[in-house]
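Below: one structure, written as C-alpha coordinates.
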Amino acid sequence: MGQAKKVSSALSKLFVYGALKYGQPSNSILASSGNGYAKFWCKATTTQKLPLVIATRYNIPFLLNKPGVGYYVTGEIYEVDDRMLNSLDNLEDCEEIYTREKHDMNIGVGEGTVPCWVYLLQKYPENLLSLRYLSGYENSTTHPYIMRHRRTHKHPAQDDLTYEAQN
(Lines give C-alpha, C1' and ligand atoms only; values in the text may rest on other atoms or scores of the structure.)
Protein backbone atom coordinates (compact mmCIF):
# COMPACT_ATOMS: atom_id res chain seq x y z
CA MET A 1 0.00 0.00 0.00
CA GLY A 2 2.09 2.86 -1.30
CA GLN A 3 1.13 6.43 -0.69
CA ALA A 4 -0.54 8.19 -3.57
CA LYS A 5 1.91 10.55 -5.17
CA LYS A 6 0.87 14.15 -4.94
CA VAL A 7 1.37 15.76 -8.30
CA SER A 8 2.33 19.35 -7.78
CA SER A 9 3.14 21.95 -10.33
CA ALA A 10 4.64 25.33 -9.67
CA LEU A 11 2.20 28.18 -9.99
CA SER A 12 2.69 30.85 -12.64
CA LYS A 13 1.38 34.39 -12.71
CA LEU A 14 -1.03 35.27 -15.52
CA PHE A 15 -2.09 38.83 -16.43
CA VAL A 16 -5.64 39.06 -17.81
CA TYR A 17 -6.97 42.27 -19.36
CA GLY A 18 -10.18 41.29 -21.14
CA ALA A 19 -13.08 38.88 -20.93
CA LEU A 20 -11.26 36.68 -18.36
CA LYS A 21 -11.27 39.43 -15.69
CA TYR A 22 -13.54 39.16 -12.66
CA GLY A 23 -17.12 40.13 -13.54
CA GLN A 24 -16.46 39.72 -17.27
CA PRO A 25 -18.04 37.09 -19.58
CA SER A 26 -15.24 34.47 -19.58
CA ASN A 27 -14.15 34.65 -15.94
CA SER A 28 -16.05 31.40 -15.29
CA ILE A 29 -13.21 29.63 -17.16
CA LEU A 30 -10.74 30.70 -14.48
CA ALA A 31 -13.28 29.88 -11.77
CA SER A 32 -13.83 26.31 -13.02
CA SER A 33 -11.55 23.85 -11.22
CA GLY A 34 -12.12 21.44 -14.12
CA ASN A 35 -9.78 23.66 -16.15
CA GLY A 36 -7.09 23.75 -13.47
CA TYR A 37 -6.20 26.03 -10.58
CA ALA A 38 -6.54 29.82 -10.65
CA LYS A 39 -6.62 32.29 -7.78
CA PHE A 40 -6.87 36.07 -7.96
CA TRP A 41 -3.57 37.62 -6.83
CA CYS A 42 -3.83 41.40 -7.39
CA LYS A 43 -4.70 44.17 -9.82
CA ALA A 44 -1.90 45.31 -12.12
CA THR A 45 -0.98 47.49 -15.09
CA THR A 46 1.28 46.90 -18.06
CA THR A 47 4.75 48.45 -17.65
CA GLN A 48 4.63 49.76 -21.20
CA LYS A 49 1.93 51.34 -23.30
CA LEU A 50 0.18 48.78 -25.52
CA PRO A 51 -2.88 49.12 -27.76
CA LEU A 52 -5.93 47.34 -26.30
CA VAL A 53 -8.71 47.21 -28.91
CA ILE A 54 -12.08 45.52 -29.36
CA ALA A 55 -12.25 43.77 -32.73
CA THR A 56 -14.09 41.19 -34.88
CA ARG A 57 -17.85 40.84 -35.11
CA TYR A 58 -17.59 39.06 -31.72
CA ASN A 59 -16.22 42.16 -29.95
CA ILE A 60 -13.15 40.38 -28.61
CA PRO A 61 -10.61 42.44 -26.63
CA PHE A 62 -7.09 42.10 -28.07
CA LEU A 63 -3.82 43.40 -26.68
CA LEU A 64 -1.60 44.15 -29.67
CA ASN A 65 2.14 43.64 -29.37
CA LYS A 66 3.03 47.20 -30.38
CA PRO A 67 4.90 48.73 -27.41
CA GLY A 68 4.71 52.51 -27.06
CA VAL A 69 1.28 52.79 -28.70
CA GLY A 70 -1.98 53.15 -26.75
CA TYR A 71 -2.16 53.27 -22.95
CA TYR A 72 -0.88 51.50 -19.87
CA VAL A 73 -3.47 48.74 -19.67
CA THR A 74 -5.09 47.70 -16.38
CA GLY A 75 -5.93 44.12 -15.58
CA GLU A 76 -5.66 41.39 -12.98
CA ILE A 77 -2.99 38.89 -12.06
CA TYR A 78 -4.00 35.32 -11.24
CA GLU A 79 -1.86 32.52 -9.89
CA VAL A 80 -2.48 29.54 -12.18
CA ASP A 81 -1.17 26.02 -12.56
CA ASP A 82 0.07 24.40 -15.77
CA ARG A 83 -3.28 22.70 -16.32
CA MET A 84 -5.08 26.06 -16.33
CA LEU A 85 -2.48 27.53 -18.71
CA ASN A 86 -3.00 24.57 -21.06
CA SER A 87 -6.79 25.03 -20.87
CA LEU A 88 -6.40 28.72 -21.68
CA ASP A 89 -3.92 28.04 -24.49
CA ASN A 90 -6.53 25.80 -26.11
CA LEU A 91 -9.28 28.29 -25.47
CA GLU A 92 -7.34 31.35 -26.60
CA ASP A 93 -6.45 29.69 -29.93
CA CYS A 94 -2.85 30.16 -28.91
CA GLU A 95 -1.50 28.82 -32.17
CA GLU A 96 -4.07 30.52 -34.37
CA ILE A 97 -4.39 33.99 -32.87
CA TYR A 98 -2.51 34.76 -29.67
CA THR A 99 0.96 34.09 -28.41
CA ARG A 100 1.54 33.69 -24.68
CA GLU A 101 4.58 35.66 -23.54
CA LYS A 102 6.21 36.71 -20.28
CA HIS A 103 6.03 40.46 -19.61
CA ASP A 104 6.67 42.48 -16.46
CA MET A 105 3.52 43.92 -14.92
CA ASN A 106 3.37 46.85 -12.54
CA ILE A 107 1.70 45.90 -9.25
CA GLY A 108 1.67 49.32 -7.62
CA VAL A 109 3.72 52.31 -6.57
CA GLY A 110 6.65 51.09 -4.49
CA GLU A 111 5.67 47.47 -5.11
CA GLY A 112 7.72 46.98 -8.25
CA THR A 113 7.00 44.62 -11.13
CA VAL A 114 6.19 40.92 -11.49
CA PRO A 115 6.81 38.77 -14.59
CA CYS A 116 3.50 37.37 -15.84
CA TRP A 117 2.22 35.38 -18.77
CA VAL A 118 0.01 37.46 -21.03
CA TYR A 119 -1.84 36.67 -24.27
CA LEU A 120 -0.81 39.08 -27.03
CA LEU A 121 -1.72 39.46 -30.66
CA GLN A 122 1.58 39.29 -32.57
CA LYS A 123 0.34 39.27 -36.15
CA TYR A 124 -2.58 41.50 -36.93
CA PRO A 125 -3.92 43.56 -39.82
CA GLU A 126 -2.85 47.22 -39.72
CA ASN A 127 -6.51 48.33 -39.55
CA LEU A 128 -6.62 47.21 -35.89
CA LEU A 129 -4.28 50.12 -35.08
CA SER A 130 -6.95 52.55 -36.31
CA LEU A 131 -9.47 51.29 -33.73
CA ARG A 132 -10.06 53.14 -30.44
CA TYR A 133 -7.43 52.26 -27.82
CA LEU A 134 -8.61 51.41 -24.32
CA SER A 135 -6.80 51.57 -20.98
CA GLY A 136 -9.08 48.88 -19.56
CA TYR A 137 -11.76 46.50 -20.78
CA GLU A 138 -15.36 46.18 -19.61
CA ASN A 139 -17.99 44.27 -21.56
CA SER A 140 -20.72 46.66 -22.74
CA THR A 141 -24.02 46.73 -24.56
CA THR A 142 -22.34 48.93 -27.19
CA HIS A 143 -19.82 46.18 -28.02
CA PRO A 144 -21.27 43.01 -26.46
CA TYR A 145 -18.74 40.19 -26.17
CA ILE A 146 -19.94 37.07 -28.00
CA MET A 147 -19.06 33.91 -26.08
CA ARG A 148 -17.12 31.31 -28.03
CA HIS A 149 -19.97 28.76 -28.15
CA ARG A 150 -22.22 31.39 -29.78
CA ARG A 151 -19.79 32.27 -32.58
CA THR A 152 -20.36 31.00 -36.09
CA HIS A 153 -17.91 28.67 -37.84
CA LYS A 154 -18.49 30.74 -40.97
CA HIS A 155 -16.39 33.52 -39.40
CA PRO A 156 -13.68 32.06 -37.14
CA ALA A 157 -12.11 34.82 -35.02
CA GLN A 158 -8.65 34.43 -36.58
CA ASP A 159 -10.14 35.07 -40.03
CA ASP A 160 -12.32 37.92 -38.78
CA LEU A 161 -9.65 40.38 -37.65
CA THR A 162 -10.24 42.56 -40.70
CA TYR A 163 -13.99 42.82 -39.96
CA GLU A 164 -15.16 46.41 -39.64
CA ALA A 165 -18.47 47.21 -38.01
CA GLN A 166 -20.76 49.23 -40.24
CA ASN A 167 -21.88 52.34 -38.38
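Quick note: residue numbers are just sequence positions, from 1. Scope of the values below: all heavy atoms of this structure, side chains included, with no hydrogens, waters or symmetry mates.
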What are the two closest non-hydrogen atoms of Pro25 and Tyr145, and how far apart are they? CB-CD2, 3.5 Å
Compare all side-chain heavy atoms of Tyr133 with those of Val53 and state whether any distance is below 4.5 angstrom. yes
Any donor and acceptor pair, going by atom type alone, linking the side chain of Asn59 with main-chain N or O of Pro144 inside 3.5 Å? yes
Under a 4.5 Å cut-off applied to non-hydrogen side-chain atoms, are Ile107 and Trp41 in contact? yes
What pair of heavy atoms forms the shortest contact from Val80 to Ala38, and how long is it? CG1-CB, 3.8 Å
Test the Lys102-Trp117 pair against the cation-pi criterion, namely NZ or CZ under 6.0 angstrom from the six-membered ring centroid and within 45° of the ring axis. yes
To the nearest 0.5 Å, atom CG of Leu131 lies from atom OH of Tyr124 at 11.5 Å
The criterion is salt bridge (Lys or Arg N to Asp or Glu O under 4.0 Å); which residues satisfy it with Glu138, sequence neighbours excluded? Lys21
Sub-4.5 Å side-chain heavy-atom contact between Leu120 and His103: yes
Once rounded to the nearest 0.5 Å, what's the spacing between atom OH of Tyr78 and atom OG of Ser12? 16.0 Å
Does any part of the side chain of Pro51, heavy atoms only, come nearer than 4.5 Å to the side chain of Leu129, both counted from C-beta? yes
Approximate separation, where rounding is to 0.5 Å, of Ile29 CD1 and Met147 CE: 5.5 Å
Does a side-chain heavy-atom distance below 4.5 Å link Met84 with Asp81? yes
Using the ring centroid of each side chain, check whether Tyr119 and Tyr17 are separated by less than 6.0 Å. no
Approximate separation, where rounding is to 0.5 Å, of Asn27 CG and Glu76 CD: 7.0 Å
Taking the side chain as C-beta and beyond, is there a heavy-atom pair between Ile97 and Ile60 under 4.5 Å? no
Got Leu64 and Val69 here, is their nearest side-chain heavy-atom distance under 4.5 Å? no
Within the supplied structure, the quantity of interest is the number of heavy atoms (other residues, nucleotides, ligands) at a distance under 6.0 Å from Tyr37 OH; does it exceed 12? yes
Sub-3.5 Å donor-acceptor pair from the side chain of Ser140 to the main-chain atoms of His143, do we have one? yes
Please report the closest heavy-atom contact between Gly18 and Pro61, naming both atoms and the distance. CA-CG, 3.8 Å
Let me know which of Thr47, Leu14, Val73, Thr46 forms a side chain to side chain contact (heavy atoms under 4.5 Å, CB included) with Met105. Thr46
Closest non-hydrogen atom pair, Arg83 against Gly34: NH2-O, 2.8 Å
Should Lys43 and Thr74 count as side-chain neighbours, where that means a heavy-atom distance under 4.5 Å? no
Exercise: do Gln122 and Asn65 side chains pair donor with acceptor under 3.5 Å: yes
Which pair of non-hydrogen atoms, one from Ala44 and one from Ile77, has the smallest distance, and what is that distance? CB-CD1, 3.6 Å
Using 0.5 Å steps for rounding, measure from the CD atom of Glu79 to the SG atom of Cys116. 10.0 Å
Could you grab the distance from atom CG of Asn90 to atom CG of Leu85, nearest 0.5 Å is fine? 11.0 Å
Are Ile54 and Tyr72 linked, directly or through other ILVMFWY residues, by side chains that come within less than 4.5 angstrom of each other? no
Would a distance-only check, ignoring hydrogens and angles, find a side-chain to backbone donor-acceptor pair under 3.5 Å from Ser32 to Ser28? no
